[in-house]
Amino acid sequence: MLKIETLIKDTNINIGNETTFLPIDNPSSSNLVNQTLDENDHDYLEGAIRLECNSEVILTENMETTDLLFTWQTLAEPILTPGNKEYEISILDSLYEVKILTNNSGFTFCINNTSSKDNQISNTIPKDEYSKAIIEGFLTFGEFIVNNPFSFSKESSYSSFVQDYKALKQMKE
């Protein structure tokens with residue numbers, strides 16, 4: 001079973017040099033988004049996406065991104081533009097390079113930690129299971145972004161994110 005969660009970076013709290021994150025369903029996360037956007041000229045929303053498949057952790061908080069909207073868009077790319085053999089997941093300003101490889105039975109994540117040279121290859125995730133979880137996670141995050149009065153700049157990935165949000169919402173219907 002695939003589990004996915006969107007996390008907002010909490011720049012207020014550092015516990016022993018560890019960054020903390022709040023899930024988007026936390027009541028304080030809206031205030032945190034506004035604060036993070038203010039600190040980043042309304043261009044970027046910092047956070048992470050946690051992805052687990054049958055208790056195998058694939059994406060973690062350690063793979064934080066400075067553009068959560070764009071990272072979500074790249075996770076949805078295999079659904080929105082199927083047919084490629086390889087997709088690059090953009091985790092901006094991260095030490096991780098993440099690719100999704102496609103095969104007949106599904107998707108496999110290939111993760112390279114550029115600082116430690118560690119490589120990780122996930123088990124194959126069935127395409128229908130991946131699609132269902134990513135659409136659900138994207139729409140949950142999209143509703144959080146669209147239904148709150150957040151202010152994004154014209155330079156942000158907000159406009160294209162909303163287009164992808166609408167496309168995935170239509171796919172689900």
Side-chain angles (χ1 to χ4, degrees), residues 2-52 57-81 87-100 109 111-116 120 130-131 133-172:
L2 208 56
K3 292 190 326 191
I4 195 156
E5 181 178 39
T6 306
L7 306 163
I8 307 299
K9 183 177 180 179
D10 190 342
T11 54
N12 297 321
I13 301 173
N14 275 353
I15 301 171
N17 275 346
E18 291 281 319
T19 305
T20 57
F21 296 88
L22 289 180
I24 60 171
D25 59 1
N26 184 302
S28 300
S29 61
S30 292
N31 291 335
L32 197 54
V33 168
N34 281 319
Q35 179 185 335
T36 303
L37 287 170
D38 284 344
E39 291 170 1
N40 290 298
D41 298 322
H42 299 267
D43 291 338
Y44 301 107
L45 177 58
E46 298 176 51
I49 298 169
R50 183 171 179 79
L51 177 67
E52 287 182 40
V57 178
I58 299 171
L59 300 177
T60 72
E61 293 86 338
N62 293 339
M63 300 173 187
E64 68 180 87
T65 178
T66 54
D67 192 347
L68 200 48
L69 279 69
F70 190 58
T71 300
W72 261 113
Q73 287 181 274
T74 59
L75 280 168
E77 193 176 348
I79 300 162
L80 292 170
T81 57
Y87 297 89
E88 188 171 326
I89 304 305
S90 291
I91 303 179
L92 294 181
D93 300 322
S94 171
L95 296 173
Y96 293 89
E97 295 173 346
V98 180
K99 293 185 178 174
I100 297 178
F109 279 79
I111 300 167
N112 177 31
N113 182 331
T114 58
S115 70
S116 69
Q120 171 190 344
Y130 179 84
S131 295
I134 293 299
I135 289 171
E136 200 67 38
F138 193 111
L139 293 179
T140 299
F141 179 58
E143 286 162 16
F144 172 75
I145 293 297
V146 170
N147 294 332
N148 278 290
F150 301 133
S151 172
F152 287 89
S153 72
K154 289 181 181 172
E155 289 77 26
S156 75
S157 51
Y158 180 76
S159 294
S160 61
F161 176 85
V162 170
Q163 286 177 339
D164 288 350
Y165 168 73
K166 289 176 181 175
L168 289 172
K169 197 170 182 177
Q170 200 168 25
M171 279 180 150
K172 189 178 179 196

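Below, all heavy atoms of this structure are taken into account, side chains as well, without hydrogens, waters or symmetry copies. The first residue of the sequence shown is numbered 1, and numbering continues consecutively from there.
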Review point. To the nearest 0.5 Å, how far apart are CG in Leu69 and CD1 in Ile145?
Key: 5.0 Å
Review point. Is there a donor-acceptor contact under 3.5 Å from the side chain of Thr71 to the main chain of Ser90?
Key: yes
Exercise for review: Can you see which heavy atom on His42 is nearest to which on Ser156, and at what distance?
Suggested key: O-CB, 3.8 Å
Practice item. Apply side chain to side chain contact (heavy atoms under 4.5 Å, CB included) to Asn40 and Leu45, showing your working. Key: CA-CA 8 Å; Asn40 290 298; Leu45 177 58; over 6 Å; no
Exercise for review: Assign the ring pair Trp72 / Phe141 to parallel, tilted or perpendicular, where the plane angle (0 to 90°) is split at 30° and 60°.
Suggested key: parallel
Practice item. Report the C-alpha distance between Arg50 and Glu52 in whole Å, list the side-chain angles of each, state the deciding distance to 0.1 Å, and finish with yes or no for salt bridge (charged side-chain N to carboxylate O under 4.0 Å, His left out). Key: CA-CA 7 Å; Arg50 183 171 179 79; Glu52 287 182 40; 3.2 Å; yes
Point to revise | Spatial distance of atom CG (Leu92) from atom CZ (Phe70) [nearest 0.5 Å] | key: 6.5 Å
Review point. Asp41 versus Glu155: any side-chain heavy-atom pair under 4.5 Å?
Key: no
Exercise for review: Look up atom CG in Leu7 and atom CD in Glu61, then write down how far apart they are to the nearest 0.5 Å.
Suggested key: 5.5 Å
Check your understanding: Taking Asn148 for the side chain and Phe150 for the main chain, is one N or O donor matched with an acceptor at less than 3.5 Å?
Key -> no
Exercise for review: Carefully, step by step, assess Phe138 and Ile79 under the rule side chain to side chain contact (heavy atoms under 4.5 Å, CB included).
Suggested key: CA-CA 11 Å; Phe138 193 111; Ile79 300 162; over 6 Å; no
Point to revise | Minimum-distance pair of heavy atoms, taken over all atoms of Thr74 and Ile89 | key: O-CD1, 3.3 Å
Check your understanding: Given side chains that start at C-beta, do those of Met171 and Leu80 come closer than 4.5 Å, heavy atoms only?
Key -> yes
Exercise for review: For Asp67 and Thr65, test the side chains for any donor-to-acceptor distance below 3.5 angstrom and give the result as yes or no.
Suggested key: no
**Study point:** Value rounded to 0.5 Å, distance of CD1 in Ile49 from CD1 in Ile4
**Key:** 6.0 Å
Review point. If you look at every heavy atom in Ser29 and Pro23, which pair is closest and at what distance?
Key: CB-O, 3.6 Å
Point to revise | Atom of Ala133, atom of Leu2 and distance for their closest heavy-atom approach | key: CB-CD2, 3.4 Å
**Study point:** Heavy-atom closest contact (Val162 atom, Val146 atom, distance)
**Key:** CG2-CG2, 4.3 Å
Exercise for review: Could you walk me through whether Leu168 and Ile134 pass the side chain to side chain contact (heavy atoms under 4.5 Å, CB included) test, one step at a time?
Suggested key: CA-CA 10 Å; Leu168 289 172; Ile134 293 299; 5.6 Å; no
Exercise for review: Please indicate whether Tyr44 has more than 12 foreign heavy atoms, meaning atoms of other residues, nucleotides or ligands, lying under 6.0 Å from its OH.
Suggested key: no
Review point. Any chance the rings of Tyr158 and Tyr165 have centres within less than 6.0 Å?
Key: no
Check your understanding: Around atom OH of Tyr96, are there more than 12 heavy atoms of other residues, nucleotides or ligands at under 6.0 Å?
Key -> yes
Exercise for review: Check whether the side chains of Gln73 and Glu77 place a donor and an acceptor atom closer than 3.5 Å, and report yes or no.
Suggested key: no
Check your understanding: To the nearest 0.5 Å, what is the distance between CG (Asp10) and CG (Leu32)?
Key -> 4.5 Å
Study note, to complete from the structure: Residues at least two apart in sequence or cross-chain that pass salt bridge (Lys or Arg N to Asp or Glu O under 4.0 Å) with Lys172, listed by chain then number, are Glu136
Point to revise | Flag side-chain contact, heavy atom, 4.5 Å: Ile8 against Asn26 | key: no
**Study point:** Leu22 versus Ser28, closest heavy-atom pair with distance
**Key:** CD1-CB, 3.9 Å
Exercise for review: Determine, stepwise, if the pair Asn62 / Asn113 fulfils side chain to side chain contact (heavy atoms under 4.5 Å, CB included).
Suggested key: CA-CA 10 Å; Asn62 293 339; Asn113 182 331; over 6 Å; no
Study note, to complete from the structure: Rounding to 0.5 Å, atoms NZ (Lys9) and OG1 (Thr36) come to a distance of 8.5 Å
